[in-house]
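One structure is given here, and the rest of the page talks about it.
Note on naming: letters A, B, ... go to the chains in the order of the sequence lines (proteins, then strands), and numbering restarts at 1 for each one. Atoms considered below: every heavy atom in the structure, side chains included; atoms not considered: hydrogens, waters and symmetry mates. No experiment lies behind these values; they were computed from the predicted model shown.
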Amino acid sequence: METIAERGQTLEQQVLGLEKRIADLEQRAPEDRVALVVFSGDLDRVLGAFIIATGAAAMGQQVSMFFTFWGLSVLKKNTQFSGKTFFQKMMAAMSPGSSQSLPVSRVNYFGVGAKILRSMMRSKKVSSLEEMVSLARELGVRMIACEMSRDLMGISESELVGGLECGGVASFLGDSLKSRTSLFI
Amino acid sequence: METIAERGQTLEQQVLGLEKRIADLEQRAPEDRVALVVFSGDLDRVLGAFIIATGAAAMGQQVSMFFTFWGLSVLKKNTQFSGKTFFQKMMAAMSPGSSQSLPVSRVNYFGVGAKILRSMMRSKKVSSLEEMVSLARELGVRMIACEMSRDLMGISESELVGGLECGGVASFLGDSLKSRTSLFI
Amino acid sequence: METIAERGQTLEQQVLGLEKRIADLEQRAPEDRVALVVFSGDLDRVLGAFIIATGAAAMGQQVSMFFTFWGLSVLKKNTQFSGKTFFQKMMAAMSPGSSQSLPVSRVNYFGVGAKILRSMMRSKKVSSLEEMVSLARELGVRMIACEMSRDLMGISESELVGGLECGGVASFLGDSLKSRTSLFI
């Protein structure tokens, strides 16, 4: 028969084993984090992204936004044509020059739809996209410009607003692994 | 040397500590929940949202759908113009009057594409969007109409179908924090 | 007063209880998995999906891609009209015949936009969509063709590339339940 000392030792080992499994679970548990891919460059969808991002940050969550492809337009302060290839120039000419000229995903009618949406937002005292971007910064939302998209479209750093991080898809995936909420917008 | 009584006390404290950490993990563990943002008002995408929502609910998951922006059209039973501002009237005129007139995201050709899709679904005995909405209700799927979008577009309660909850982005984020699956559609 | 033997027994039972709760948490903990719904058939969005999928697989994650609706075009090697109903033929005629003819979501201009994007990718030595699909296969990414969409559009197996799984929405939901990242693209 097992003595009390032996049973105690067994227990001690069991507790040690459980402690390791708990520590492992703790490390793998999702954090209060939100990771967003902003792929779209449509004013309405981008507004949706920022409403979610600033809302989550205000609730105390860590938020990161990964801007890729058309989404990079949100971060542009101007468009430079020098230093771009022919196709990059064409792409730049057909893309919005800055956040101010983002179209809406529907009924845009050459920018009229976007103007109407902005005007409706003003009359309802909803923050403009540019104010939401500022608010996101103040709340500590990380904004990451996709390197591959920048390289592809030949967008130089001087075309983008300041205070951005640069990163590849691994930046998003690393954040998303730890996040409770990941969205592709 | 430690006595058996002392070792027992240490163990008891360790077990208490582990119990707290486990309780914390349990509270933070994601639940069998799905949280969907239905941003799009395109028939095809909205069908995708309802197929996922009803599928998950049938599998026993808690499902909530947060309808925002164009997605609100799914919940409209009619369009009233009185009480709307000029821009809200324009927006209403350019938006579908109800779920019956949602366009498809591609090859819509002024509604022909949507009619073809609905007809293909009928011939294959796939439930219509309206049947899926009913099924979702029966399965206990929560449907939340985004307050901010409603306010922005001046959509009154009498324009929407019954049995909806109203809520802001915090409703979605609260659900999403607990969910295993969150999608932006 | 409790004897040492009794206290030991209580401890043993507590440890057993904790062990069960830990095992339960371990089973319910999200895995290093990514589950993607590829709904879109736009070249740019599909590229985004494959960059995320191959990136995650390269980081050692289990990845599954569920191709539905327009996303099925990515998996088509050709289009057959025989055996399709009138509407299915119309849908097939208006859809891309294979991954080679996917449009871009913006500024497509009857395929010119897609050609420009592909050309920009070549000049920057970014893998083409077809190369990414091959890479995804090599990395063990599971590709699932949505049965319901196939049935709806009358797409036969001989129109699709080889090595695919077939499945319904439950395939996606099952994977998504275990995943850290689920996206609707």
Per-residue contact mode, Ala49(A) against chain B (heavy atom under 4.5 angstrom)
neither

Do you know the tightest heavy-atom contact between Ala53(B) and Leu36(B)?
CB-CD1, 4.0 Å

Segment of Phe69(B) engaging chain A (4.5 angstrom heavy-atom cut-off)
side chain

Check this for me: does any side-chain nitrogen of one of Arg21(B) and Glu19(A) sit under 4.0 Å from a carboxylate oxygen of the other?
yes

Non-hydrogen atoms of chain A under 4.5 Å away: do they reach the side chain of Leu183(B), the backbone, both or neither?
backbone

Chain A contact via Leu11(B) - side chain, backbone, both or neither, heavy atoms under 4.5 Å
side chain

Pick from Val15(A), Ile185(A), Val107(A): which one has the most heavy-atom pairs with chain B under 4.5 Å?
Ile185(A)

Chain A heavy atoms under 4.5 Å from Ser176(B): which part of the residue, side chain, backbone, both or neither?
both

Under a 4.5 Å heavy-atom cut-off, does chain B meet the side chain of Met59(A), its backbone, both or neither?
side chain

When you compare the side chain of Pro103(B) with that of Arg106(A), does any pair of heavy atoms fall below 4.5 Å?
yes

What do you reckon, is CZ of Phe81(B) surrounded by more than 12 foreign heavy atoms closer than 6.0 Å?
yes

With only heavy atoms counted, which part of Gln9(A) is less than 4.5 Å from chain B, the side chain, the backbone, both or neither?
both

Knowing that exactly one of Phe66(B), Phe39(B), Phe172(B) qualifies, which makes a ring-ring contact (aromatic ring centres under 6.0 Å, His included) with Phe184(B)?
Phe39(B)

Per-residue contact mode, Ser182(A) against chain B (heavy atom under 4.5 angstrom)
backbone

In terms of heavy-atom pairs under 4.5 Å, which option from Leu177(B), Val37(B), Leu152(B), Thr10(B) contacts chain A the most?
Leu177(B)

If you define the side chain from C-beta out and look only at heavy atoms, does anything of Asp32(A) sit under 4.5 Å from Arg180(A)?
yes

Lys89(B), NZ atom: more than 12 neighbouring heavy atoms under 6.0 Å:
yes

Between Arg7(A) and Glu12(A), is the closest basic N to carboxylate O distance under 4.0 Å?
no

Identify which of Pro30(A), Gly48(A), Gly113(A) forms the greatest number of heavy-atom pairs closer than 4.5 Å to chain B.
Pro30(A)

Working for salt bridge (Lys or Arg N to Asp or Glu O under 4.0 Å), residues Glu165(A) and Arg142(A):
CA-CA 8 Å; Glu165(A) 294 177 47; Arg142(A) 282 176 59 206; 2.9 Å; yes

Part of Ser149(B) lying under 4.5 Å from any heavy atom of chain A
neither

For Asp24(B), which atoms come within 4.5 Å of any heavy atom of chain A: side chain, backbone, both, or neither?
neither

In terms of heavy-atom proximity below 4.5 Å to chain A, should Leu25(B) be classed as side chain, backbone, both, or neither?
side chain

Shortest non-hydrogen contact from Met153(B) toward Met91(B)
SD-CG, 4.3 Å

For Val126(A), is it the side chain, the backbone, both, or neither that has a heavy atom closer than 4.5 Å to a heavy atom of chain B?
side chain

Looking only at Gly154(B), Gly174(B), Gly41(B), Gly8(B), the option with the highest number of non-hydrogen pairs under 4.5 Å against chain A is Gly41(B)

